[in-house]
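Report on the structure given below.
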There are 2 protein chains.
Amino acid sequence: MLDKAALIVESFRPTGGPYRLAELAQRTGLPKPTVHRLAADLVRLGWLERTDGARYRLGGRLFELGSLVPRRRDLREAALPFLQDLFEATRETVHLGVREGLEVVYLERIHGHDALQLPSHIGHSLPLSCTGVGKALLAFCGTELTEEVLARPLPSLTAHSLTDPARLRMALEKTQVSGLAYEEQEAVPGVSCIAAPVFAGGDAVAAISVAVPRARFRPAQLAPAVRTAALGLSRMLRGGI
Amino acid sequence: MLDKAALIVESFRPTGGPYRLAELAQRTGLPKPTVHRLAADLVRLGWLERTDGARYRLGGRLFELGSLVPRRRDLREAALPFLQDLFEATRETVHLGVREGLEVVYLERIHGHDALQLPSHIGHSLPLSCTGVGKALLAFCGTELTEEVLARPLPSLTAHSLTDPARLRMALEKTQVSGLAYEEQEAVPGVSCIAAPVFAGGDAVAAISVAVPRARFRPAQLAPAVRTAALGLSRMLRGGI
DNA sequence: AATGTTTGTTCCGTGACACGGAACGACGCA
DNA sequence: TGCGTCGTTCCGTGTCACGGAACAAACATT
């Protein structure tokens, strides 16, 4: 029964809803009365909410609980000042992401009034190979993981996404040398990105990136800023997270 | 059974853990074998995690789900640029909060390297009457709610917290006139705060505040910045959130 | 070393309650 | 008026959640 409830809640990814009862039944594959009963329980617990009387969406209690997750909260808290610095220096969209399995999960995204339309929402996950943050993490996460990613078919989000393992391997090697990962229109058309890994105890535990409209992408000016932020956070984490 | 699982998860508030099995059994009032079984299920679902083999804490999946909650995500996303402006203008700790029942829940907190030690973590809730954000919300949330708060005994976080209903009522009236709420060491000793409500369709849906060490609290300089941010966000929300 | 205490874990018989097919009324549409 | 789909309720069946009891391991105390 817990599994069924979790199935319902997870079926709200990645949009958060709202969905109708029949939609939920279809998305989860559960019988309609079962969804009805469990959804009512979840609403009572505050994990789901009802909108306009007929639709369900994720509830506020879930936000409050999710914000407390120590492994996320502590890293985000430590990183925020450095992300602020990076944003002020570049005035472009700044990301903080970590690896979760074979995907990158975004912990924070900072932007100004001219926000880019990006799929990298907080809590959202994207393939490692398609994003700057992902490539920075992948390049410093050990050989076995790299090989696992290279062995599988590479997912693609745009026509520019790297689908050739050889090219990805070469890009990762460059990143290992330079400490910087580049991404050009591989996640979103028209948007380029430069990222740097954050280290804590030898392992890359996170990565910081700046996403920029392709038209004004100036790597020579962004690279030092991104690297500075990542190194600063790494030094802070060495003091124990 | 869902209730028991929710009880376990909620028992991690407000710290997020980690807790041992016996602690969880005590916090929830559930028998030890029951907690053991349910916690194992929750770990399997990613809602809890095990640290050092013997302790439980909130899990990463919960963070990802919580970040998707539409009611929170949309407001946070819309507010972020204005919070950035406010932070850059003041270089002090900036808050965004909403009302949830008789408490304020913080949706965002932005700070620099010299972060204040505050209880106002994201997702955390505090009494309306003890915080700047809370007073700004309370002053523009309708009479019946104000009276309900004034009727109950006022909670206090510090020796400076307002516990006299008459004084709180007077403070709220001043806020209704000026559009600004003040708080001095009522939530944290040594920290003052100034806040302004955010309107959408006549109701105050949120509030923005700046928290400052008492020593350098200059209301005359902070007030215009906070008001500007709140009004800017209000105008943006009028375009439909 | 010996003892007592608390821990996390496993087992299993019992019974409560989750389950979902079937049926219902309400609504939108043609 | 008839049809399809919606959300909701009912209820008999069978399952699986439940937690007391027992266990071994780790720790604390003497």
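Quantities reported herein were computed from a predicted structural model and do not represent experimental measurements. Letters A, B, ... are given to chains in the order of the sequence lines, protein chains preceding strands, and every chain is numbered from 1.
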Checklist outcome for this item: Rounded to whole Å, the CG-C1' distance (B:Asp52 to D:dA26) equals 14 Å
Checklist entry - Contact class for B:Pro33 (heavy atom, under 4.0 Å): base, sugar-phosphate, or nothing? => result base
Next on the checklist: Side chains of B:Val98 and B:Val133, heavy atoms from C-beta outward: is any pair under 4.5 Å?
Outcome noted: no
Checklist entry - Looking at the side chain of B:Met1, which of C:dG21, D:dG19, D:dC18 is the nearest nucleotide? => result D:dC18
Checklist entry - Is the phosphate of D:dC18, meaning OP1 or OP2, less than 4.0 Å from a side-chain N or O of B:Thr34? => result no
Item to check | Nearest-angstrom distance from the residue atom CG of B:Leu42 to P of D:dA17 | outcome: 13 Å
Next on the checklist: Parallel, tilted or perpendicular: which one describes the rings of A:Phe199 and A:Phe140, with boundaries at 30° and 60°?
Outcome noted: perpendicular
Item to check | Length of the NE2-C1' vector between B:His36 and C:dC12, whole Å | outcome: 16 Å
Next on the checklist: Categorize B:Arg37 for me: base, sugar-phosphate, or nothing, with a 4.0 angstrom heavy-atom threshold over every strand shown.
Outcome noted: base
Item to check | Gap between atoms CG and C1', on B:Leu24 and C:dG8 respectively (whole Å) | outcome: 12 Å
Item to check | B:Ser161 vs B:Pro155 side-chain heavy atoms within contact, under 4.5 Å | outcome: no
Checklist outcome for this item: Considering only heavy side-chain atoms of A:Tyr56, the closest of D:dC6, C:dC19, D:dT8 is D:dT8
Checklist entry - Looking at the side chain of B:Leu38, which of C:dT9, D:dC18, C:dC19 is the nearest nucleotide? => result D:dC18
Checklist entry - Base, sugar-phosphate, or nothing: which does B:Arg55 touch, judged by heavy atoms less than 4.0 Å apart? => result nothing
Checklist entry - Is a side-chain donor-acceptor pair under 3.5 Å present for A:Arg27 with A:Tyr19? => result yes
Checklist entry - B:Tyr19 has an atom OH; how far is it from atom C1' of C:dT6, in whole Å? => result 20 Å
Checklist entry - Going by modelled atom types, is there a donor-acceptor pair between the base of D:dG19 and the side chain of B:Lys32 at under 3.5 Å? => result no
Item to check | Nearest-nucleotide comparison on DNA chain D, the residue closer to the 5′ end among A:Leu2 and A:Leu21 | outcome: A:Leu21
Checklist entry - Are B:Arg20 and C:dG8 close enough that a side-chain N or O sits under 4.0 Å from OP1 or OP2? => result yes
Checklist entry - Please give, in whole Å, the distance from C:dA16 C1' to B:Asp3 CG? => result 14 Å
Next on the checklist: From NZ of B:Lys4 over to P of C:dA16, roughly how many Å is that when rounded to an integer?
Outcome noted: 13 Å
Next on the checklist: Restricting to non-hydrogen atoms, name the atom on A:Asp41 and the atom on B:Leu2 that form the minimum distance, rounded to 0.1 Å.
Outcome noted: CB-CD1, 3.8 Å
